[in-house]
Each structure stands twice: as structure tokens, then as C-alpha cells.
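Remarks on the structure that follows.
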Amino acid sequence: MKKFLAAFVGSMALAAAPVALSAEATKELKVAYDSDPVTLDIHEQLSGGILQLSHMTFDPLIRWTKDLGFEPRLAESWERVDENTMRFKLRKGVKFHSGNEFTSADVKFTFERLKDSQDFKAIFKPFSGINIIDDYTFELVTSEPYPLLLNTATYIFPLDSEFYSGKTEDGKDKGAILKHGNSFASENLSGTGPFTVAERRQGVRVEFERFDGYWDTQSPGNVGKIVLTPIKENNTRVSALLSGGVDFIAPVPPNDLERIRNDKDANLVTMSGTRIILFHMNQERVEAFKNPKVRQAIAYAINQEGIAAKIMKGFATPAAQMSPAGYQGHNENLKPRFDVAKAQQLMKEAGYEDGFTITMMSPNNRYVNDDKIAQAAAAMLARINIKVDLKTLPKAQYWPEYDNRAADMMLIGWHADTEDSANFYEFLTFCPDAGSGSGQYNAGNYCNPEIDALVQKANVETDLDKRAAMLQEVEQRLYDDAAFIPLHWQDLAWASKKNVNIEPVLNVMNFPYLGDLVVE
Amino acid sequence: MLAFLVQRISQAFLVMFVISVIAFAIQDGLGDPLQEMVGMSVSEEEREAIREELGLNDSMVVQYLRFAGNALQGDLGNSYFYSKPTLEVIAEHLPATLELVIGASLIIVFLSVPIGVYAAIRPQAWLSKFFMGVSTVGISIPVFLTAIVLIQLFSIGVTVNWFPSDTGWGQWLNDFFSTEGGLPSYGRGDELTHLFGTWESGFFTGTGLMHLVLPSVSLASIMLPLFIRLIRAEMMEVLQSDYVRYARAKGLSAGRINFLHALKNTMLPVITVGGVQIGIMVAYTILTETVFQWPGVGLMFLEAITRSDIPLIVAYLMVVGLIFVVTNTLVDLIYGLVNPTVKLTGKKA
């Protein structure tokens with residue numbers, strides 16, 4: 001009865017509220033993520049957490065829409081001047097948290113800082129420079145035609161150049177990017193974004209307050225204060241939501257999806273993700289893996305749909321390639337090819353009917369159910385007489401082993417920073433080359449210069465249809481060659497209380513646009 | 001007394017030296033701290049440069065000597081994750097853990113002594129049997145399970161409809177077994193009182209106390225049965241002793257015998273065990289803090305391990321080692337107060 005009354009009073013209040021309420025940002029939102037931002041310097045680390053922070057306290061030039069298109073933010077419009085140059089017009093009258101006016105000088109400052117950042121410089125490598133035309137116009141110049149120029153522009157969150165210039169009291173450069181130790185930028189922040197950081201205790205809580213002078217007055221967002229608490233333990237995070245302690249949680253562990261779906265006060269949103277989980281088969285360590293028939297046999301032996309249904313509880317999209325739907329390289333024709341008889345046949349043809357023994361390694365706390373996936377894969381390989389000696393490790397210990405290529409089959413998950421297919425190939429299937437850094441995570445040592453050349457060609461093709469055709473051909477050839485064993489794209493899930501309308505602000509990149517969030 | 005303290009201080013140094021050597025020796029097995037510091041796509045070259053900067057490429061001996069040199073000046077290095085001196089990070093997290101331990105200890109003291117004594121004096125009473133039964137169950141349930149059950153019952157709430165709700169008694173039983181929930185399930189709450197230094201206390205506000213309830217009960221649940229059984233057993237033994245019989249024969253009142261003469265001697269072994277258990281409780285706070293996202297040193301330590309934040313791990317282990325030495329020293333001192341015949345240094349009087 002009480003609840004009913006409260007709901008009734010609530011709805012009355014809502015009905016009585018003026019329509020223009022959206023401008024009044026007065027709601028408080030308690031958020032629990034699995035971690036809090038490690039620093040306030042958004043150029044110190046390239047990670048999901050930092051990008052989430054960037055979207056709360058800064059604004060990018062342009063940002064991704066739900067359907068992987070672009071929408072203008074600080075850049076109002078853009079046009080290609082020539083093959084290597086894109087001209088951007090900036091929004092006028094935008095203020096930083098410090099009160100400074102936002103101009104193209106800030107973009108230049110930010111661009112140069114990004115090129116210095118250890119984590120971001122790789123993404124900005126194709127860019128040769130920036131030309132300032134006037135206070136609100138500038139051009140980004142690449143050394144070669146670059147089809148992913150706009151993708152990269154989503155990473156430019158202009159910093160307040162005045163705020164980050166000069167020296168601190170103890171004589172340190174305010175703009176310095178420090179990976180460890182304290183820098184000015186890691187503890188102070190001034191952006192153009194919807195929220196300012198009011199209080200921060202690392203690992204305990206971060207408090208954000210709505211920025212009074214936020215430029216986007218059209219935003220429907222009505223959240224005035226956000227309290228972010230990192231809750232690493234899955235169970236505790238879910239309990240915090242169900243007990244009403246917090247309003248919004250992410251990620252939601254697969255085991256609790258049903259529980260939240262069945263809770264009448266909670267709201268669950270899931271989405272097929274873009275992070276591919278796959279196995280590499282190391283050809284340098286195992287002679288048999290050099291034989292495409294053996295690799296194909298393994299590809300036929302692994303039941304992606306079974307893993308997605310049974311181990312991931314439907315919380316994954318089975319994959320037969322690296323590019324998820326929506327990416328240019330996504331090839332509709334490629335389907336998971338589970339067929340044990342065919343796999344056994346291929347092993348026989350390759351002369352390995354009696355099988356062989358291999359080692360396998362997987363992390364056990366990095367991806368959703370990573371160790372269980374590896375166990376299932378090992379069991380599936382037993383059916384084609386490949387005996388697997390499996391070892392699972394915590395991520396802190398796994399990655400050094402990965403760098404050493406310590407096992408014959410190794411599991412890895414990859415998300416393309418550029419939201420583009422080519423990034424997958426560059427890191428995961430390019431011929432490994434320590435000098436240029438290509439194939440840095442290619443633990444299969446698979447090497448096909450023809451495919452690499454095709455990707456390189458696609459990387460300078462600005463006709464997006466032609467480029468898509470090239471990248472899809474790459475996927476096809478990798479599939480035919482069974483260069484690696486794709487498993488699935490891990491789904492994403494968020495949950496909130498019923499009155500928090502999270503669905504419109506969520507996206508597959510997993511940076512919720514909390515500035516636009518509406519709480520009823 | 002002085003000799004005793006000097007002995008203990010030198011022991012403390014030895015303990016901390018050994019811990020630091022062990023911690024350093026295993027750091028290779030803890031993983032690569034760089035994984036948490038840089039994005040996946042950062043090149044090997046860049047990583048190598050950062051490693052060089054952090055001094056991770058030096059040999060273990062060089063690293064240890066550098067660490068030991070700084071440690072002697074009171075500097076245990078900087079945490080990679082917090083970018084702050086490790087001791088400062090620990091000082092920030094320690095009050096939360098101490099308050100949790102204090103909360104749990106209060107529950108243990110105020111419940112175990114009366115229950116233990118009662119169960120010893122009236123071993124056949126059904127209430128005693130009930131307490132003993134419950135404590136057997138309590139001692140065998142792991143702390144995180146207790147915590148999860150408590151959260152489900154008292155934070156989220158449970159609605160029971162095992163009984164027909166259209167009958168009066170069914171409804172009453174349903175209501176009886178259903179719980180409202182509402183107790184905070186994570187963290188320490190927003191209203192903390194600043195006491196001194198880094199100590200923010202939850203003992204002085206309503207929400208602060210509410211946040212303490214479930215974590216303290218969970219932490220206490222693992223120790224409480226142990227203490228009830230210990231006090232009961234000790235007390236029963238003391239009650240059989242000659243001097244208690246003599247006191248009875250002399251006609252002293254039961255209250256005076258039980259609570260003045262018997263209880264005092266019962267407490268001796270309890271204090272010893274208690275001192276050791278406080279140290280062990282630090283280990284259990286790791287589990288409790290994880291489940292309740294309690295921002296204390298246990299949670300900090302566990303996360304430091306997943307991040308391979310080696311300086312913080314080493315510093316934490318050394319601080320815990322120090323806590324063990326200090327509590328044991330205090331226990332020995334208290335022991336001397338309770339029973340003056342005990343000689344601290346173990347020499348002949």
C-alpha cells in the first residue's frame with residue numbers, strides 16, 4: 001500500500017511538473033561500476049574507464065551514435081578539403097569548467113598532447129599535423145589518405161589549454177603526462193563536459209556535479225549529481241542495485257541477468273558487444289598448426305554456439321570472424337562451422353588421425369567466464385584426439401606469459417580502439433614484427449603477407465564502399481585459412497532502477513552519455 | 001620490562017626484514033605491473049621505456065638494496081596505482097579496517113562472555129544446547145557465504161509465500177519469515193566524522209553505524225562461536241577446580257564465585273587466543289571487505305594483488321607483520337597484569 005501511495009504521489013508530482021523541467025538538473029544518481037578512473041588525466045591511459053570519465057567531464061569533437069554513426073559535439077561541422085585534410089568548424093560560446101573560452105588553440109594543445117601520450121600516440125600516428133585557420137576553424141592533416149579520420153576525432157576531447165599550461169607551485173609542468181607519481185593533470189581537471197569532479201577518493205568514491213555553464217542546453221539530461229562507487233565484486237554490485245543502494249550498475253554479470261530481469265524494480269539493457277574472444281594456434285611452437293587442415297579441423301571442432309548458449313548463458317554472440325556486425329569488415333557470409341565429423345575427417349587427411357598433445361593457457365579473471373570457455377574448448381578438442389594441457393591464470397600473471405607466447409593455444413579478447421576492422425588484423429593476424437610493432441598480440445605467429453598488404457591498401461582507401469569490400473575479403477581469407485579460432489563477441493549489460501531511463505544513453509562502445517541521462 | 005621491550009622491538013625488525021625479503025622474492029610471480037598502467041595497444045618499446053624508468057629492469061638484489069635503503073629512512077616507496085607513498089595509502093585505508101575490527105570485537109565480547117559463562121554454568125539447559133548447536137553451524141559456514149545471506153535477508157529483503165496467504169495464520173507466517181531489507185549492503189556511507197589525521201569515523205552518525213552492522217556481524221560470525229566454545233570449556237574446567245569447590249564450601253555466593261573467582265581465571269587463555277585471533281581477523285577482513293566493498297586495507301591489498309602493485313603489497317605485508325608483533329606484545333603485557341606470576345622475559349624471577 002505504501003509503495004502504491006508513493007508511486008501515486010510520484011506520478012502526480014511528475015504530471016504537475018512544467019515541461020521545461022529538463023533544463024533543471026537536480027536529480028542525484030548513484031552509480032556502481034567495477035572500477036573507478038585511475039587518474040583524472042584523460043591522456044594518461046587508454047582504457048574503458050578513462051573514456052567513460054572523458055565523456056562525463058569533457059566533450060569530444062564528434063561522438064559515436066548508437067548505430068555507429070557520428071554526431072557533432074564541439075565540432076559543429078566538418079568537410080574534406082583534399083585527400084589528406086579535413087576541416088572542422090567549432091561551436092561558439094563554449095566554456096571550460098575554469099571559465100576559459102573554448103577555441104581552436106585548445107584543440108591544437110590537445111592534439112599535440114595526444115601525440116605525446118604513450119597510450120594514444122599510436123592512434124594518432126597517421127596524423128601529420130594540425131592547421132589553425134581562425135579561432136573556430138582548424139584542419140587535421142594526415143600523411144596519407146586516412147579513412148578513419150573521423151573515428152579518430154572521437155578521441156579528441158579538447159583540454160583547457162590555459163588551465164593545463166604553466167608551472168605548479170613546486171615548479172612542475174602542469175601539462176606533463178606522468179604514468180606514475182603525481183602530476184597536476186592527474187589530480188585536476190577542466191573540460192567542457194556536463195560534469196565537474198567535486199570530490200575524489202581513489203578506489204572509494206568519485207563525486208561529480210553538473211557544470212552550470214554547460215554549453216549543451218538542448219540536452220534532456222537532468223542529473224545534477226553523480227556519486228560513483230567502484231564495486232569490484234559482482235555479487236555486491238548486483239546486491240547494491242537490488243537493495244536500492246545504487247541507481248545504475250555496470251557491468252552486470254551473466255549469472256545475475258535472470259535475477260535482475262525478474263526484479264520488478266529493475267531495468268536491464270543488454271547489447272551485442274564488439275569485443276571478440278578468440279584462440280591463437282601457435283605455429284612456431286607446434287609443427288601441426290602449420291598445416292591449414294589441422295587449423296580448419298580445430299575450427300570445425302569448436303562449437304561456438306554451444307559455448308555462447310551453455311557457458312555464456314546466451315550472453316554472447318557466436319562469432320566466425322573478428323569484425324562484429326556494423327563494422328566495415330563484417331562479412332555476412334561467415335557462419336560458425338561446428339561439425340565434428342568434418343573435423344575428424346580433416347585431421348585424418350592431415351595425417352594426424354591419432355592426434356597430439358598441446359598446451360593451452362587462458363586468463364581466469366579478465367573476460368566473462370574466460371577459464372570456463374577454455375575448459376570447454378579443451379573438451380571439444382579431445383573429440384578430435386587433441387589432448388589439451390590447460391592452465392588458467394589471473395590476468396596479472398597471464399599477460400607476461402602471453403608476451404612470452406608460453407603456450408600452444410592462448411586466449412585473448414580484443415576490442416578495436418578505432419571501432420574499425422583493420423585494428424583487429426594489425427594487432428592479431430599481421431606478420432609479427434618487433435620493429436614496427438605490428439602483430440603485437442599475434443600469438444599464433446600466423447603470417448600471410450598478401451593479407452597484410454590488402455589491409456594496408458584498405459587503410460588508405462577513402463571510398464568506404466571499396467574499403468568495406470577489401471576488409472570483408474580479408475575476413476573471408478582468414479576464415480578459409482583458419483588463421484585463428486574466433487569464439488564470440490562478449491555482450492554488454494547494464495542495469496538500473498526503473499525510474500532511470502538508461503536505454504537512450506547507452507551504446508556498444510560502453511561509454512554511457514550520462515550528461516543526457518533522464519531520471520524520472 | 002625494558003629488556004622485554006628491547007627484545008620485542010628487535011624481533012619486530014627481524015620479522016619485517018624477513019617479510020620484505022620474501023615479498024621481494026615472489027614479486028616476479030605476481031605479474032607485470034605495467035599491464036595495469038598502459039593500454040593493450042601500447043608498443044613494447046614504450047613499455048620498455050616505462051620499465052626502465054620504474055627501475056624494474058634492475059636485478060633483484062639492486063632493487064632490494066634500493067628499497068631497503070629507502071625503507072630505513074621510513075620510505076616504503078610509491079604505489080603504482082595510487083601514485084602516492086604506500087604508507088600514506090595504508091594510513092588512509094587502515095581506519096576503515098580498524099573500525100570494522102572494533103565493531104566485530106564488540107559484538108564478540110558482549111555476546112561470547114555471557115553466552116559462554118551461561119553455557120558453562122547450566123550445561124544442560126535447552127538454551128545452552130541451542131547456543132552450542134548454532135555455534136557449530138556458525139563455525140562451519142565460510143564468512144563470505146554468511147555475508148551474502150545477510151545481504152539477501154537484510155539489504156535486499158525476502159518475500160516468503162510458502163504458506164497460503166488467504167488464511168490468517170498463513171499470512172502471519174509469511175510475514176514472519178519475510179524480511180524488509182533496507183540495511184546498506186556496501187561501503188561506509190556518505191556521512192563520516194573526521195576525527196584526526198586520516199581517520200574518518202562511522203561510529204558517530206546513524207548512517208555510519210547502519211553501514212557497519214552487516215560487515216561487523218559477518219566478521220564476528222566466524223570468531224564468535226570459537227570464543228563461546230573456548231570460554232565455556234575453560235569455565236567448566238575452572239568450575240571443577242579445588243579452589244572453586246572450597247569457595248562453595250565456604251558458602252560464598254554463586255555470583256561471586258562465578259564472576260569474580262572463576263571468570264578471572266577463565267579469561268587467561270581467552271586473552272592469549274584473542275590476541276592471536278585479532279591478527280587472524282585481519283585476514284578475514286579481506287573476505288568481508290571484498291563482499292561489502294568496505295574501503296579498508298583488506299580490499300586495498302586484494303586489489304593491489306590483481307594490479308601487481310608490488311610496492312603496496314610489500315608495504316602492506318610489512319605493516320601487517322608489525323601489527324602481529326605489536327598485538328602479541330600487548331597480549332603478553334596484559335597477561336602479566338591479569339596473572340602477576342607470569343614472567344615476561346621467561347627468565348627466573
Side-chain angles (χ1 to χ4, degrees), chain A residues 32 35 38-39 44-47 50 118-123 178-183 186-187 201-205 207 227 229-233 235-240 242-246 263 365 393-401 403 412 414-415 417 423 426-427 434 436-437 440-441, chain B residues 28-47 49-50 53-54 78-84 89 92-93 96 144 147-148 151-152 154-157 181-188 190 200 289-295 299-300 302-303 305-309:
Chain A
S35 61
V38 292
T39 168
E44 191 181 316
Q45 196 179 81
L46 173 52
S47 65
I50 292 294
Q118 279 155 325
D119 276 43
F120 285 89
K121 64 165 63 151
I123 297 181
L178 262 189
K179 270 283 178 201
H180 52 94
N182 275 330
S183 64
S186 69
E187 294 192 323
R201 284 194 60 202
Q202 182 138 40
V204 182
R205 57 184 271 152
E207 210 177 292
V227 179
T229 311
I231 303 186
K232 191 146 212 146
E233 195 64 22
N235 248 316
T236 313
R237 198 163 55 246
V238 173
S239 303
L242 295 181
S243 67
V246 297
D263 192 284
N365 59 356
L393 303 157
K395 61 180 174 183
Q397 282 129 62
Y398 181 69
W399 295 118
E401 298 285 1
D403 288 340
I412 186 171
W414 195 262
H415 165 255
D417 288 332
N423 181 278
E426 285 158 11
F427 281 98
S436 69
Q440 194 182 342
Y441 289 91
Chain B
D28 255 3
L30 291 174
D32 182 3
L34 249 70
Q35 289 300 339
E36 284 294 324
M37 295 168 72
V38 299
M40 289 286 275
S41 52
V42 171
S43 70
E44 195 44 49
E45 245 169 75
E46 298 283 348
R47 284 166 199 254
I50 299 172
E53 226 176 285
L54 290 173
N78 276 3
S79 154
Y80 296 145
F81 176 71
Y82 292 93
S83 310
K84 272 196 268 191
V89 175
E92 274 172 18
H93 287 82
F144 59 88
I148 290 171
I151 289 177
Q152 182 66 46
F154 299 110
S155 294
I156 301 175
L183 275 178
S185 67
Y186 74 98
R188 302 180 70 196
D190 294 341
E200 304 263 339
E289 287 180 8
T290 312
V291 180
F292 289 101
Q293 192 64 29
W294 191 261
L299 184 64
M300 177 206 79
L302 205 70
E303 297 197 335
I305 288 180
T306 58
R307 295 188 185 107
S308 340
D309 193 341

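Heavy-atom basis, side chains included; hydrogens, waters and symmetry copies ignored. Throughout, protein chains are lettered first and strands after them, A, B, ... in sequence-line order, and every chain is numbered starting at 1.
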Using a cut-off of under 4.5 Å for heavy-atom pairs, which of Glu53(B), Glu44(B), His93(B) has the most such pairs with chain A?
-> Glu53(B)
Interface moiety of Asp403(A) toward chain B, non-hydrogen atoms closer than 4.5 Å = side chain
Using non-hydrogen atoms and a 4.5 Å limit, figure out which bit of Phe154(B) sits close to chain A: side chain, backbone, both or neither.
-> neither
All salt bridge (charged side-chain N to carboxylate O under 4.0 Å, His left out) counterparts of Glu46(B), not counting sequence neighbours = Lys121(A)
Under a 4.5 Å heavy-atom cut-off, does chain B meet the side chain of Phe120(A), its backbone, both or neither?
-> neither
When the 4.5 angstrom heavy-atom criterion is applied to Arg188(B) and chain A, the contacting part is neither
Assert top hit (heavy-atom pairs under 4.5 Å, partner chain B, pool Phe427(A), Tyr398(A), Trp399(A)) equals Trp399(A)
Non-hydrogen atoms of Thr306(B) and Lys232(A) that approach each other most closely = OG1-NZ, 4.4 Å
Contact class of Arg201(A) relative to chain B, heavy atoms under 4.5 angstrom = side chain
Against chain B, label Lys395(A) side chain, backbone, both or neither, depending on which of its atoms sit under 4.5 Å from a heavy atom there.
-> side chain
Against chain B, label Asn235(A) side chain, backbone, both or neither, depending on which of its atoms sit under 4.5 Å from a heavy atom there.
-> side chain
Any idea which of Asn78(B), Ile50(B), Ile151(B) has the most non-hydrogen atom pairs under 4.5 angstrom with chain A?
-> Ile50(B)
State, to 0.1 Å, how close Ser155(B) and Ser243(A) come at their nearest heavy-atom pair, and which atoms those are.
-> O-CB, 3.3 Å
Can you tell which of Ala32(A), Gly203(A), Pro230(A) has the highest number of heavy-atom pairs within less than 4.5 Å of chain B?
-> Pro230(A)
Using non-hydrogen atoms and a 4.5 Å limit, figure out which bit of Gln118(A) sits close to chain B: side chain, backbone, both or neither.
-> both
Contacting moiety of Ser47(A), where chain B heavy atoms sit under 4.5 Å = neither
Any idea which of Gln202(A), Glu233(A), Glu401(A), Glu207(A) has the most non-hydrogen atom pairs under 4.5 angstrom with chain B?
-> Gln202(A)
